[in-house]
Amino acid sequence: MPRHIREPLAVNPEKRAMSRTFFFDSAWLPDGWRRNVRVSVRAGVIERVALDAVPHPGDERSSRAIAGLPNVHSHAFQRSMAGLAERRGPQGADDFWSWREVMYRFLARMGPDDLEAIAAYAYADMLEAGFTSVGEFHYLHLSPEGAPYGNPAELALRHAAAADLTGIGLTLLPVFYESSGFGGAAPTPGQRRFITDLDTFADIVARVRAHLGQGAHRNTGIAPHSLRAVTADHLHTLLCQNPPGPVHIHAAEQMKEVEDCLAYCGLRPVEWLLRRTEVTAQWCLVHATHLTAEETAELARSGAVAGLCPLTEANLGDGIFPAAAYHGAQGRWAIGTDSHILLDAAGELRQLEYSQRLTLRSRNILASPGQHSTGETLYQTALAGGAQALGLPVGAIAKGCRADFLILDAAHPDLAGRGEDAAVDTWVFAAGRSLIRDVIAAGRTVVSNRRHIERDRIDAAFRRTMTGLLRAA
Ligand code: NGQ
Ligand code: ZN
């Protein structure tokens, strides 16, 4: 039992079974804004959506609602070092790889309670920021000494506990990690906590799957870390063993990875994946930053999701994803917050659009011509891609979906005099997360007036953990 109280209020089965009916003066549905929308929720799932309805007594009424955004790529523990790697190192040549060394030193001391406290803190912040489900790309399997825990899925399950406490939907993606570079190079000491063999990995996945079950709220997938960290043989074994479900992999985030891959096998990482495996709609290629025009078109055709993490990619100096070409080819994409340098669903979408504006020196690039606002197009695409990548019924206010709503603050001055047509653009480009007043996750109000309902105890546990970790540093 962790040292802070474990009482997962948010998924308490009795409360899940609770029925609630919401009445929204306007709600953003898959086909756009609709007025007078009455949404009945049972067991955390939307049972009915009535349009042009009238409110009934007992309905919970709010002005404007949009669907919560899925977050497809998280390493929750990295939230604890946000803002602590922003100084130039002694060599004066900071990059992704030197950041990674800092990150390895940081994670070296974290125990299970620390991890759970940090994950709960990250997930509460995600909910306040507009994310109502998360794909946890989890690779910390071993103890600080590099030994297995009694339950090899111990640390994975701490993320499930944090999801329970906060109410966020969870697709847990245990990571297979075996090498430090292409061709099975031995892992470095900093990577010792990540390493498993195939049997232990299968055991972790089976335990996670048994614990989470399947439904509208939780799912299990697999994550071969990257082509740097998994050999081709073992990647194929994993894919053969895996029952249908999400497959997430980091690919082509850094030019060094592309160059090393070319040197090793004559193909680029995404090219290799497209040629040597069957990349399908169950896949999420995380980052996929450095693509040729052919890779861009082929990835779009595959139906896989590109898991873009615009704020982290900017923070790490990764490069710019060819979003205009990919989006133009109907490529599917979703948003991940990866290192959680800053949690803001609107901010991620804005950063993605702005990266294109800055490179192409143009405006409103990821908008559908003549149809939607840029913010709405960005948001709709990220909702659909996010649901696909997590394999959860999320990302829409629609029957059968998890009841995940963001209630916008109708009294916010940034919305004064504006109709609902301007609401998403105002959120994405102008107001950011201050526009989200309440968040409903699986039918429960988990953020009320911008604050997670468990903030106090989550913050207290996080403070204890951080004070301990930084004192030991
Ligand atoms: C990760 N993060 O797995 O946390 C990685 C760094 C690596 C990002 N790629 C480690 N942003 O890729 O080797
Ligand atoms: Zn990552």
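No hydrogens, no waters, no symmetry mates; every other heavy atom, side chains included, goes into these values. Order of appearance sets the numbers: ligands from 1, and atoms from 1 within every ligand. Numbering starts at 1 and runs along the sequence shown.
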- Task: Using the side-chain contact (heavy atoms from CB on, under 4.5 Å) rule, take Arg444 and Ile453 through it: C-alpha gap first, then chi angles, then the decisive distance, then the call.
- Result: CA-CA 10 Å; Arg444 287 204 67 216; Ile453 53 169; 4.0 Å; yes

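- For ligand 1, the protein residues within 4.0 angstrom (heavy atoms only) are His75, Gln78, Phe96, Trp99, Arg100, Met103, Tyr139, His225, Arg228, His250, Glu253, His287, Leu316, Asp338.
- With sequence neighbours excluded, the residues forming a side-chain contact (heavy atoms from CB on, under 4.5 Å) with Ala396 are Pro30, Ala398, Cys401, listed by chain and number.
- Taking the six-membered ring for Trp, Tyr379 and Trp28 have ring centres closer than 6.0 Å.
- Residues Phe131 and Ile335 meet the side-chain proximity criterion, which asks for heavy atoms closer than 4.5 Å.
- Ionic pairing of Arg433 and Asp125 is present here: one or more N-O contacts between side-chain nitrogen and carboxylate oxygen are shorter than 4.0 angstrom.
- For the Zn ion (ligand 2), protein N, O or S atoms under 2.8 Å: 3 in total.
- Listed by chain and number, the residues in a side-chain contact (heavy atoms from CB on, under 4.5 Å) with Glu353 are Arg357, Ile365, Leu366, Thr374, Leu378, Phe429 (sequence neighbours excluded).
- The side chain to side chain contact (heavy atoms under 4.5 Å, CB included) test with Val439 singles out one residue from Leu406, Ile168, Asp404, and that residue is Leu406.
- By the 4.0 Å N-to-carboxylate-O rule, Asp114 lies too far from Arg158 to be salt-bridged with it.
- Around atom CZ of Arg451, more than 12 heavy atoms belonging to other residues, nucleotides or ligands sit under 6.0 Å away.
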